[in-house]
Amino acid sequence: MYKKQFQKREVIKFKQFKRKGYSLFACLGREVIIGTLSVATLTYAKADGISTNTEKADTTLMKTSKEVTLEDIEVTSSRAPLTLGQAARMVTVLDREQIAQAPVQSINDLLKYARGVDVRQRCPIGAQTDISTRGGTSEQITILLNGINICDPQTGHNAFDFPVDISEIERIELLEGPAGRVYGTSSLVGAINIVTRPASESSTDFHVEGGSFGYLSAGARANAVTGKWNNQLSGSYTRSDGFTRAQAGNLNGDYKGGKFFYQGQYKDRDVLMNWYAGMSSKDWGSSTSYATPTWKADNQYECTDKYYAGLRMEAKSGIFHFRPSIYWNQSRDQYEGYRGQPEKMKYNYNRTNVYGANINSFFDWMAGRTAFGAEFRNEDLKSGNLGEPLHHPVHISGTERDYTLGLNRTNLSFHLEHSILLQRFTLSAGFVAVKNTWNEMAFKLYPGIDMSYRIDNHWKVYASFNSSLRMPSFTELYYSKGGHKADKYLKPEEMNAIEGGIKYLSSGFQAQMAVYHHHGKNMIDWIMDMSKGDDAVWESVNHTKVNTIGIDIDADLNFAHLIPSQQFLKKLDVTYCYINQDKEQKADILSQYALEYLRHKLVVGVQMHLYDKLNLGVNYRFQERIGSYTTFDNEVKSYSPYAIWDARLSWDAPSYTLYAQANNIFDKKYVDYGLVPQPGTWIVVGAKLHLTL
């Protein structure tokens, strides 16, 4: 097991921690931080399903420079929870402290600093962003809220419409590589889990910030703790004029939106229950988001409303451990190709309802730990332009139109996994069996196996093979307007991946390197054949095969441990990712997604303590993208590499924080999508207040 050495200082170490009421944690009556590995502002941990139970540290412990290392903390990305020393596959986590230090306004911006994550922004402030990892697309990654799948089957473009403000997030977890064995469909190249948790004590929080381009955001949160019950309510509002204008001179990048979120918890010795309900509503000018060389619309507009509800339970006593959950997600989308001009192009209206239930259970016996379970998920679409004709049209609320098209499909899956746990060696193997009613898909198995070996107290090696699938989105199957032509007979995407890595962990310095190979078939993309001239349109197609080879390297230096005599430098985080994809590509073919990826990504972050409570964080990000795009003047251009500098200056007091931050300090002009300009320098100032009741 990991045993951190802190320059011969005494380490507090607990051999047993089984969530018992008589454990040291219960006696302390406090929350204690559990040893984590921070890499490029990211750290390894475990929360329900894929991360560690990482909690706030008692400042008295921190002041004595002692850390608590628990050897049986859950850190698994498998179906059955494993411990820190046993885990055979690693999860990267951005915790609350690191989120607070980042110079960002949205979850989308935050993930730009994450290792291996490709963030392609169409509109700022999180209005619309395509996020992927390891050379994949935004459709190929599973998005979860507190461990519950909230993917939108209509399109991945709006998958990051979360009902929670960034200030309310406990941590963000990233599992890279195929995760079908753990999360079923959609997790073709990985999963991102947004974890929230009610505060541990009754309290209220307020925040307000404003800045460039008419940006203003304000929010509040209230939490009440009564015995075994915990309830929390929050809300926020954000608006901006946007940084671009249409050729006609009007706003075309403006934004306004609000979020509302309630979460509750009940916890005793035998049962843990968590539930939530929330909504996100936003309107924004989407500028040239879907413009093409043949359709030069620069005044597009979108409105989305999303509703979420979920309940999770964990039975912690008995031989069998059960973790059931149920959920409902609804998405409503209105898209205007020409803002306020339905006579020029009919507005697109879509509504999706997703219902789901799953159960995960496990038990221990002499041969190891066995997990099994099942999931049911129904996806229903009502639309004005996607799907098959409805027998009975459904009225579109607030309009004079009806939903005349739609589609309904059900996904059923079963999983089985077994883990063998030895002193230094861990092996987890299993499979998921998936059946979808769409296109009469039969049951198919997707296996996976993870292995790790702990060489000594600092070094660990691991290897894995995993497979997964991804069902086509409703948009990929049916969207045939505005220069697009879809294919409703698309096949599901499939991926096989192997990965190997080595990790080093010690006081003051942590590092790791991973090498992986992904083999995908039937990969879905929107392509345009420029040889067709004016007849060229974006078409959804299955590419035959895609091979991806990648390397991830990251390191984290904690100067508080390395050089305790100085207090100016706090942390230095460095990550580098390299990807090379090999696929069939004809000349004259343009791709929106699968043929464009980040070949190089370098992120460097440094945290400094300037004076008293004054802290400074500086982030550098370099990206080089493979691919090309055609301008409105029909000029084919390759993506240019670019470097962005961000910084955040803050005065951090126990009950309040004052801060100023700047993004793209040197006003770099760049694009992530060829026809969508990105903002220049963006300055924000703000304040946060925390009151304990």
Side-chain angles (χ1 to χ4, degrees), residues 47-51 77-79 91 107 131-133 136-164 169 172-196 261 263 274-280 306-314 323-331 352-360 373-381 408-415 432-438 446 466 468-474 492-493 495:
D48 297 338
I50 66 173
S51 65
S77 57
S78 58
R79 287 286 185 175
V91 178
I107 298 172
I131 295 178
S132 60
T133 184
T137 74
S138 62
E139 302 283 2
Q140 296 171 347
I141 191 165
T142 294
I143 310 300
L144 304 108
L145 178 61
N146 293 326
I148 291 178
N149 188 333
I150 61 170
C151 287
D152 187 342
Q154 179 208 334
T155 176
H157 293 318
N158 299 324
F160 277 77
D161 287 5
F162 295 106
V164 294
I169 296 172
I172 299 176
E173 310 167 344
L174 172 64
L175 174 62
E176 296 178 271
R181 197 174 90 230
V182 183
Y183 294 113
T185 59
S186 298
S187 54
L188 197 74
V189 294
I192 295 177
N193 187 21
I194 306 300
V195 179
T196 68
F261 192 64
Q263 58 181 326
N274 292 279
W275 57 91
Y276 66 81
M279 67 167 293
S280 169
K306 291 207 170 186
Y307 305 89
Y308 304 90
L311 169 65
R312 299 191 71 189
M313 186 187 77
E314 178 181 352
R323 294 180 172 180
S325 64
I326 57 174
Y327 61 91
W328 166 71
N329 310 319
Q330 184 183 89
S331 301
T352 58
N353 279 288
V354 179
Y355 304 88
N358 64 66
I359 182 169
N360 186 39
E375 179 174 12
F376 169 86
R377 178 181 174 92
N378 180 263
E379 300 171 338
D380 183 78
L381 169 73
N408 185 282
R409 65 187 184 190
T410 298
N411 194 80
L412 183 63
S413 64
F414 299 91
H415 66 266
V432 61
V434 179
K435 174 181 175 60
N436 196 287
T437 58
W438 172 82
Y446 293 88
N466 284 284
S468 191
L469 80 158
R470 201 268 296 184
M471 303 302 297
S473 70
F474 295 145
E493 296 178 317
M495 180 78 74

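Just so we're clear, the structure is a prediction, and the values are computed from it rather than from any experiment.
At a cut-off of 3.5 Å, with distance as the only test, a side-chain donor of Asn436 or Asn411 sits close to an acceptor on the other residue. For the 3.5 Å distance criterion, the side chains of Asn466 and Arg181 qualify, holding a donor opposite an acceptor. A donor atom on one side chain and an acceptor atom on the other are found under 3.5 Å apart for Ser325 and Asn358. Asp152 and His157 share no side-chain donor-acceptor pair at under 3.5 Å. Using a 3.5 Å distance cut-off with no hydrogens or angles, the side chains of Asn408 and Asn378 do pair a donor with an acceptor. Under the 3.5 Å distance criterion, with hydrogens and angles disregarded, no donor-acceptor pair is assigned to the side chains of Thr352 and Gln154. A donor and an acceptor atom, one from each side chain of Ser331 and Asn158, are nowhere located under 3.5 Å apart.
Tested against Ile150, the residues Val354, Thr142, Leu145, Leu144 include a single side-chain contact (heavy atoms from CB on, under 4.5 Å) partner, Leu145.
No donor-acceptor pair closer than 3.5 Å links the side chain of Thr410 to the backbone N or O of Thr437.
Looking at every heavy atom in both residues, Pro163 comes nearest to Phe261 through O-CB, 3.6 Å. Shown here for Pro472 and Pro492, the closest heavy-atom pair between the two residues is CD-CA, 4.1 Å. Listed here is the closest heavy atom pair of Ser187 and Gly180: OG-N, 3.4 Å. Of all non-hydrogen atoms in Leu188 and Arg470, the two that sit nearest each other are CD1-N, 3.9 Å. Among all heavy-atom pairs drawn from Ala357 and Tyr327, the shortest one is N-CE2, 4.1 Å.
When side chains are defined from C-beta on, Tyr276 counts as touching Ile148, because their heavy atoms get closer than 4.5 Å. Counting heavy atoms from C-beta outward, Phe474 and Arg409 have side chains that approach closer than 4.5 Å. A heavy-atom distance below 4.5 Å is not found between the side chains of Glu493 and Met471. Asp161 has its side chain within reach of Ser280: a pair of non-hydrogen atoms, C-beta onward, lies under 4.5 Å apart. A heavy-atom distance below 4.5 Å is found between the side chains of Ile107 and Ile169. Ile143 has its side chain within reach of Phe162: a pair of non-hydrogen atoms, C-beta onward, lies under 4.5 Å apart. By the 4.5 Å heavy-atom criterion applied to side chains, Pro324 and Met313 are counted as neighbours. When side chains are defined from C-beta on, Ser132 does not count as touching Glu139, because their heavy atoms never get closer than 4.5 Å.
Taking a cutoff of 4.0 Å between a charged side-chain nitrogen and a carboxylate oxygen, Glu379 and Arg377 qualify as a salt bridge.
Note that the CD1 atom of Ile172 and the CD1 atom of Ile194 stand 4.0 Å from one another [nearest 0.5 Å]. In this structure, CD1 in Ile192 is found 7.0 Å from OG1 in Thr133, a value given to the nearest 0.5 Å. One finds the CZ atom of Arg312 at 8.0 Å from the CG atom of Asn274 (value rounded to the nearest 0.5 Å). To the nearest 0.5 angstrom, Tyr446 atom OH is 12.0 Å from Met495 atom CE.
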- Message: One pair to check against side chain to side chain contact (heavy atoms under 4.5 Å, CB included): Leu175 and Tyr183. What are the steps and the verdict?
- Response: CA-CA 11 Å; Leu175 174 62; Tyr183 294 113; 4.0 Å; yes
- Query: For Ile131 and Ser138, what are the C-alpha separation, side-chain angles and deciding distance, and is it a side chain to side chain contact (heavy atoms under 4.5 Å, CB included)?
  - Reply: CA-CA 5 Å; Ile131 295 178; Ser138 62; 5.7 Å; no
